Enquirer: 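Handing you this structure, nothing more for now.
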Number of protein chains: 2
Amino acid sequence: MTARTSSETARDIPEATVARLPVYLRALTTLSEQGTSTCSSEELAVAAGVNSAKLRKDLSYLGSYGTRGVGYDVEYLRYQIAREIGVTQDWPVVIVGIGNLGQALANYSGFRSRGFRTVALLDADPARRDEVVAGLVVRPFADLEQIVHDHAVAIGVIATPAVAAQDVADRMVACGITSILNFAPTVISVPDQVDVRKVDLSIELQILAYHEQRKTQGAPSQEVGA
Amino acid sequence: MTARTSSETARDIPEATVARLPVYLRALTTLSEQGTSTCSSEELAVAAGVNSAKLRKDLSYLGSYGTRGVGYDVEYLRYQIAREIGVTQDWPVVIVGIGNLGQALANYSGFRSRGFRTVALLDADPARRDEVVAGLVVRPFADLEQIVHDHAVAIGVIATPAVAAQDVADRMVACGITSILNFAPTVISVPDQVDVRKVDLSIELQILAYHEQRKTQGAPSQEVGA
DNA sequence: AGGAGTTTGTGAACGGGAGAACAAAACGGA
DNA sequence: TCCGTTTTGTTCTCCCGTTCACAAACTCCT
Ligand SMILES: NC(=O)c1ccc[n+]([C@@H]2O[C@H](COP(=O)([O-])OP(=O)(O)OC[C@H]3O[C@@H](n4cnc5c(N)ncnc54)[C@H](O)[C@@H]3O)[C@@H](O)[C@H]2O)c1
Ligand SMILES: NC(=O)c1ccc[n+]([C@@H]2O[C@H](COP(=O)([O-])OP(=O)(O)OC[C@H]3O[C@@H](n4cnc5c(N)ncnc54)[C@H](O)[C@@H]3O)[C@@H](O)[C@H]2O)c1
């Protein structure tokens with residue numbers, strides 16, 4: 001947005017590309033596990049589900065990591081992308097709201113393997129206090145500041161009901177968290193320097209429903225009363 | 001894309017707009033619950049977290065539902081958007097993979113209230129069989145075809161491990177499902193007429209990590225060994 | 001060593017979406 | 001009835017992202 005300090009290695013990677021880098025990273029990990037040591041942009045593009053020209057252009061923002069006539073070294077490229085994204089080391093994460101979704105997130109092993117470490121689970125409900133989820137004790141929300149400070153947490157996950165989301169976000173920001181992943185179906189407002197990404201499952205379903213309705217041109221009639 | 005049959009109300013709504021309509025719908029529902037009967041594009045835009053010009057342009061694709069000098073009737077607009085998206089009636093949905101995430105989804109009440117009804121929970125694991133989650137019995141994956149047929153299911157949710165996702169998708173498509181919401185971190189390929197949307201929480205976190213790394217310019221050093 | 005074949009990196013054309021800006025429309029008050 | 005005020009619907013311009021197409025670069029084979 002604002003002109004970045006052009007010093008350092010501050011290459012400016014388009015947002016659309018940033019969103020695809022994790023997909024490439026995953027595809028490369030899969031290829032690597034299958035024993036592939038080299039791959040062409042075409043192969044990787046298929047594995048990632050994108051156009052190969054787009055893939056090449058995306059990678060070109062990082063640098064020239066391929067060899068013409070040969071392709072890319074899987075391990076090398078994987079590392080370069082991981083480094084660019086910043087997942088070569090662990091990011092400490094706190095999850096707030098340990099209900100249905102929060103527990104599923106806490107139990108998910110995929111975060112750990114992708115560079116994220118859940119350092120604390122917080123919930124406002126005293127009844128949840130001291131419960132153990134995924135090897136971590138659920139702690140009172142008031143502990144947030146202490147935890148963020150102790151573990152240098154920069155990323156927070158909100159899995160509370162929508163009504164509580166703005167308040168939780170405000171407190172996170174006050175504690176110094178600068179990146180928020182919000183699962184609550186509500187718009188939360190934060191200062192400019194804080195990044196918020198939202199995941200709204202209902203919206204995804206509604207988008208599918210829209211297209212579905214289009215396919216069956218007008219009337220998904222008969223199953224209504226079924 | 002291709003010239004649609006201009007008969008019927010087949011207006012062509014841009015994909016970016018379709019993705020925002022559910023957000024407007026949610027904002028309108030909130031306004032309605034607060035007792036607001038009329039709102040301007042500016043008010044609604046704030047509630048939805050978008051630019052008011054963009055909001056007006058989006059709504060203009062649906063028709064002229066506002067009144068100049070006045071604004072929009074909240075209830076009326078809410079209904080029009082719901083109708084356009086196709087959530088004025090219930091869409092039956094099946095969830096496959098009743099693990100951590102699948103259970104959370106099954107227990108989530110927000111789907112029901114937004115036009116989606118979970119009609120079946122399927123899992124390949126015999127140990128999960130007959131378990132009751134959210135009032136529904138977990139059934140064997142083999143029952144998929146029967147269920148899809150009986151309830152005229154068009155939308156399927158995949159919450160299995162990544163390795164099983166493609167197979168589950170293939171079977172869903174074979175049964176006649178034409179819209180898939182995929183939570184497994186893998187690319188699945190389906191015929192053209194089938195819509196797939198993916199939700200990948202790890203990717204979201206990685207995008208946050210990228211920007212986070214940028215903010216702290218190079219070195220999120222000290223917390224590594226903490 | 002040289003030429004044929006392969007694949008990357010990128011310039012350029014294209015399409016779609018975002019936002020500013022404004023004219024048209026509705027309302028209210030005099 | 002007429003004018004000022006408000007707010008929508010839409011046009012216009014700009015920017016970002018996608019895709020095509022190709023020259024540059026590298027390998028391998030003869
Ligand atoms: N469960 C799902 O599959 C699903 C799907 C889509 C969206 N969501 C959204 O995710 C959020 C969580 O869903 P859920 O099903 O886990 O809900 P839930 O009610 O099971 O859990 C919410 C948890 O948040 C805690 N909480 C409430 N206020 C809090 C506060 N101020 N500070 C800290 N903790 C607080 C509650 O004690 C509870 O444990 C909701 O906003 C929901 O709309 C959930
Ligand atoms: N739990 C999370 O918060 C989370 C977060 C991000 C992504 N995911 C992804 O969502 C998916 C599910 O995650 P989870 O934590 O619930 O995993 P899980 O292992 O708890 O559950 C997976 C379930 O799928 C079932 N299953 C396996 N193969 C199947 C098949 N062929 N047909 C039908 N059912 C089958 C298993 O029996 C199991 O019950 C995974 O792909 C995971 O990567 C989960």
Side-chain angles (χ1 to χ4, degrees), chain A residues 1-4 11-24 27-28 31 36-74 76-78 80-81 84 187 192 207 210-211, chain B residues 1-4 11-24 27-28 31 36-74 76-78 80-81 84 207 210-211:
Chain A
M1 235 20 89
T2 55
R4 311 204 173 232
R11 267 175 298 246
D12 210 18
I13 300 183
E15 196 53 35
T17 297
V18 171
R20 281 188 295 266
L21 290 180
V23 179
Y24 303 153
L28 286 166
L31 286 173
T36 311
S37 63
T38 295
C39 71
S40 68
S41 64
E42 184 59 35
E43 289 174 84
L44 184 54
V46 168
V50 301
N51 180 293
S52 68
K54 180 156 48 176
L55 170 77
R56 287 199 300 278
K57 178 157 283 192
D58 284 342
L59 295 183
S60 76
Y61 291 115
L62 312 192
S64 269
Y65 295 136
T67 308
R68 297 176 189 218
V70 178
Y72 301 91
D73 181 282
V74 172
Y76 182 61
L77 184 58
R78 201 188 60 76
Q80 292 301 336
I81 294 178
E84 189 70 39
V187 176
D192 279 349
I207 295 171
Y210 170 81
H211 293 295
Chain B
M1 245 8 98
T2 55
R4 313 208 172 225
R11 268 175 295 245
D12 209 20
I13 300 183
E15 196 53 36
T17 297
V18 171
R20 281 188 295 267
L21 290 180
V23 179
Y24 303 154
L28 286 166
L31 285 173
T36 311
S37 63
T38 296
C39 71
S40 68
S41 64
E42 184 58 34
E43 290 173 85
L44 184 53
V46 169
V50 301
N51 179 293
S52 68
K54 182 157 46 176
L55 170 76
R56 288 198 301 276
K57 183 178 284 193
D58 284 342
L59 295 183
S60 76
Y61 291 115
L62 313 191
S64 270
Y65 296 136
T67 308
R68 297 176 190 220
V70 178
Y72 301 90
D73 181 283
V74 173
Y76 182 63
L77 184 58
R78 202 189 60 76
Q80 292 300 336
I81 293 179
E84 189 70 40
I207 294 170
Y210 170 81
H211 292 296

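Given the structure is predicted, the values throughout are model-derived calculations rather than measurements. Heavy-atom basis, side chains included; hydrogens, waters and symmetry copies ignored. Chain letters run A, B, ... following the sequence lines, proteins first, then strands; residues in each count from 1.
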Enquirer: Heavy-atom nearest nucleotide on DNA chain C for G66(A) versus R20(B): which residue maps closer to 5'?
Expert: G66(A)
Enquirer: Just the rounded figure in Å: distance from C1' of dT8(D) to CD of Q80(B).
Expert: 16 Å
Enquirer: R20(B): which residues meet the side-chain hydrogen bond (donor to acceptor under 3.5 Å, both in side chains) condition with it, sequence neighbours left out?
Expert: Y24(B), D58(B)
Enquirer: When you measure from the side-chain N and O atoms of S41(B) to the phosphate of dT8(D), is any distance below 4.0 Å, counting only OP1 and OP2?
Expert: yes
Enquirer: Can you tell if the side chain of V18(A) reaches within under 4.5 Å of the side chain of E84(A), non-hydrogen atoms only?
Expert: no
Enquirer: What pair of heavy atoms forms the shortest contact from A27(A) to A47(A), and how long is it?
Expert: CB-CB, 4.0 Å
Enquirer: side-chain contact (heavy atoms from CB on, under 4.5 Å), that's the test. Do L28(A) and I81(A) meet it? Break it down for me.
Expert: CA-CA 10 Å; L28(A) 286 166; I81(A) 294 178; 3.7 Å; yes
Enquirer: Verify the contact: side-chain N or O of S40(B) to OP1 or OP2 of dT7(D), cut-off strictly under 4.0 Å; return yes or no.
Expert: no
Enquirer: Please report the distance, rounded to the nearest Å, between CG in D58(B) and C1' in dG16(C).
Expert: 13 Å
Enquirer: Nearest whole angstrom, please: distance from the P of dT10(D) to the OH of Y65(B).
Expert: 12 Å
Enquirer: Under 4.0 Å: is that the gap between some side-chain N or O of N51(B) and OP1 or OP2 of dA20(C)?
Expert: yes
Enquirer: Run the side-chain contact (heavy atoms from CB on, under 4.5 Å) test on R56(A) and Y72(A) for me, step by step, so that the C-alpha distance in whole Å, both residues' side-chain angles and the decisive distance to 0.1 Å come before the verdict.
Expert: CA-CA 10 Å; R56(A) 287 199 300 278; Y72(A) 301 91; 4.0 Å; yes
Enquirer: Counting any heavy atom closer than 4.0 Å, what does E42(A) reach on the DNA or RNA strands: base, sugar-phosphate only, or nothing?
Expert: nothing
Enquirer: So if I define the base as every atom that isn't primed, P, OP1 or OP2, how would nucleotides 22-30 of chain D read as a B/S/- string at a heavy-atom cutoff under 4.0 Å?
Expert: --BBBS---
Enquirer: Map E15(A) and A53(A) onto DNA chain D by nearest heavy atom, then report which one ends up closer to the 5' terminus.
Expert: E15(A)
Enquirer: Could you tell me the separation between the NZ atom of K54(A) and the C1' atom of dG17(D), rounded to a whole number of Å?
Expert: 8 Å
Enquirer: Nearest whole angstrom, please: distance from the C1' of dG17(D) to the CG of L21(A).
Expert: 15 Å
Enquirer: Roughly how many Å is it from CG in L44(A) to P in dT7(C), rounded to a whole number?
Expert: 14 Å
Enquirer: Would one find a side-chain N or O of K57(A) under 4.0 angstrom from OP1 or OP2 of dT10(C)?
Expert: no
Enquirer: With respect to T38(B), which candidate in L77(B), V74(B), T67(B), V70(B) satisfies the side-chain contact (heavy atoms from CB on, under 4.5 Å) definition?
Expert: V70(B)
Enquirer: Would you kindly give the CG-to-C1' distance between L55(B) and dT10(D), to the nearest whole Å?
Expert: 14 Å
Enquirer: Atom CG of L77(B) to atom P of dT7(D): distance rounded to whole Å?
Expert: 16 Å
Enquirer: With a 4.0 Å cutoff (strictly under), does any side-chain N or O of Y72(B) reach OP1 or OP2 of dG9(D)?
Expert: yes
Enquirer: What I'd like to find out is whether the side chain of V50(B) reaches to under 4.5 Å of the side chain of V23(B), using heavy atoms alone.
Expert: no
